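When a ligand or atom number is given, it counts from 1 through the structure's own listing order. Fair warning: this is a prediction, and the values are worked out from it, not measured in the lab.
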Amino acid sequence: MNQAEFLTACRDLLGRDHVLTECADTGTYLTDQRKRYVGNALAVLRPADAAQTAALVRLCVAHGVPMVPQGGNTGLAGGATPDTSGRQVVISLRRLDRIRQVDADNLTLTAEAGCLLANVQAAAAAAERLFPLSLAAEGSCTIGGNLATNAGGTAVLRYGNARELCLGLEVVTPQGELWDGLRGLRKDNTGYDLRDLFIGAEGTLGLITAATLKLFAQPAARMTALAALDSPADALALLNLAQRMAGPLLTGFELMSDFCLQLVAQVFTSQRYPFAQPYAQSVLLELSDNESEAHARDLLERVLNAAIERGIVRDAIVASSLTQSNALWHLRESIPLAQSAKGLNIKHDIAVPVSQVPAFIAATDPIVQGIAPGARMVTFGHLGDGNLHYNVMAPDGIDPAAFLTQYQSPVTAAVHDSVHAHRGTISAEHGLGQFKRDASAHYKSPVEIALMRALKSAFDPLGLMNPGKVLPG
Ligand SMILES: Cc1cc2nc3c(=O)[nH]c(=O)nc-3n(C[C@H](O)[C@H](O)[C@H](O)COP(=O)(O)OP(=O)(O)OC[C@H]3O[C@@H](n4cnc5c(N)ncnc54)[C@H](O)[C@@H]3O)c2cc1C
């Protein structure tokens, strides 16, 4: 490859301002969100639309340049960070940021890949519809990145993850062809589902340039409550009861251990521990109601009273206003921030079948304690999806960095083994990227890995599309 010729051709195609080569301009694109990976790139390239993206990919192919797609760069697995060779380019999709169409009657919205998730939500709301994907990074992640990672978030229990919210895609293939699969169809049984292959592929099979997304009716009211319980098993019993009584109105069910709430209260003095006395577990429940706030409150109170009568719930707070409801969600969202304030943690984003969550916690906590005595478990997550952020913090008074150096590998290996034994996954919603690529391959069967490799080489025979991510080399 002649680098100078390649860069000149890129400038001719995209315009000088959108071919970034100076460190001062490229820096933020080359380091991942968690600052675990720092890459190097020949250039950061910023196409303006799908046709330009396709032409750019053809140019990369002609010069044999490996490509790393990037959206908001909020991913937590290093998937959007180039390697250190300086031979790869980052293709940033951020300039593809138009909402192309809202079809309120078909309950669909077509957005370009670089639209921020928050802007997609706002466009849906402007049409009095709901786009339910919601995560703490929604102000900076893109819908293309959400689909490429099959993002989850807080509303999966009711609405599903990004995959389930997508009806159609527009994709630039690794050869630089543009596939218009922007179908707004609920039914389409015409062969292999290409859309679903690109979703969750973390940019290894092609570049998503636009998506047709599902919208929903906006709920008339949302009602939130916090329930105090003695154990994860009680939380599971509450989930069953709430699903039986509220059905699809139950849109959030988040588990938080006592230590998580203590940590938030310690770090953020404005956030009190919510109950008069400590309880081993808390659950944040949210109902989204199509009738009214009064109906939602009545239903939520009936669920909680039934749970108290059965001895499942020990105490409960039902939010009396939107402000109080936001404050309860704020407690949940503050857990990762409180953790970070206390230094590095050993983090795991795992899922097991919902029914196995109590057994998983009961089996795994003692294993972790056996390896790292005194470690503090920061366990919280989307219990309704079986997804736990199962994090391990250094014992009080121990330097977090030294703790990580000593215990990260053995603790993570033991946690992942336990996840596998409970028929779970070591990456529930953050993807594999380069961070979990090898560990995932360790747990997948040779048949599964061979099928994945066959797909990769069928789509990308030259291996130029996000190499080194998802599958080991
Ligand atoms: C504070 C915080 C909270 C978070 N909470 C959640 C959560 O609750 N649930 C959750 O699932 N995730 C969560 N995340 C992780 C992250 O926000 C998601 O993974 C998000 O979907 C990534 O979107 P992005 O646009 O930033 O993608 P990037 O980080 O830019 O890229 C992620 C991956 O997708 C690929 N990619 C990006 N755009 C495209 C495209 N257009 N075409 C093809 N491939 C592409 C990249 O190559 C990379 O492999 C959180 C992150 C932060 C920082």
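- Distances between N or O atoms of Asn73 and those of ligand 1 include at least one value under 3.5 Å.
- Every atom of ligand 1 with a heavy atom of Ala151 under 4.0 Å away is listed here by number and element: 11 (O), 21 (O).
- Distances below 4.0 Å separate heavy atoms of Ala136 from the following atoms of ligand 1: 3 (C).
- The closest approach between any non-hydrogen atom of Gly153 and ligand 1 is below 4.0 Å.
- Numbered from 1 in the order shown, with element, the atoms of ligand 1 that lie under 4.0 Å from a heavy atom of Thr142 read 24 (P), 25 (O).
- Ring orientation note: the planes of His389 and His382 are nearly perpendicular, at an angle over 60° on the 30°/60° scale.
- Selection from Ala137, Ala155, Pro336, Pro82 by nearest heavy atom to atom 52 (C) of ligand 1 gives Ala137.
- At under 3.5 Å, a nitrogen or oxygen of Gly75, whether backbone or side chain, sits near a nitrogen or oxygen of ligand 1.
- Considering backbone and side-chain N/O of Thr149, one or more are found under 3.5 Å from N/O of ligand 1.
- Using a 4.0 Å cut-off between a side-chain N of Lys or Arg and a carboxylate O of Asp or Glu, Glu286 and Arg332 do not qualify as a salt bridge.
- Closest heavy-atom contact between Gly79 and Lys469: O-NZ, 3.2 Å.
- The shell of residues lying under 4.0 angstrom from ligand 1, judged by heavy atoms, excludes Val68.
- Of all non-hydrogen atoms in Leu135 and Gly152, the two that sit nearest each other are CD2-O, 4.1 Å.
- Among all protein heavy atoms, the one lying closest to atom 41 (N) of ligand 1 is Ile208 O, 2.9 Å.
- A donor-acceptor contact under 3.5 angstrom links the side chains of Asp83 and Gln88, judged on distance only.
- For His430, the heavy-atom gap to ligand 1 drops under 4.0 angstrom.
- Each of Leu207, Thr142, Ile208 was compared with Leu93 under the side-chain contact (heavy atoms from CB on, under 4.5 Å) criterion, and only Leu207 meets it.
- The option with the heavy atom closest to atom 20 (C) of ligand 1, from among Thr81, Leu76, Val90, Asn146, is Asn146.
- Distance from atom 16 (C) of ligand 1 to its nearest protein heavy atom, with residue and atom name: Thr74 OG1, 3.3 Å.
- Ring orientation note: the planes of His348 and His416 are nearly perpendicular, at an angle over 60° on the 30°/60° scale.
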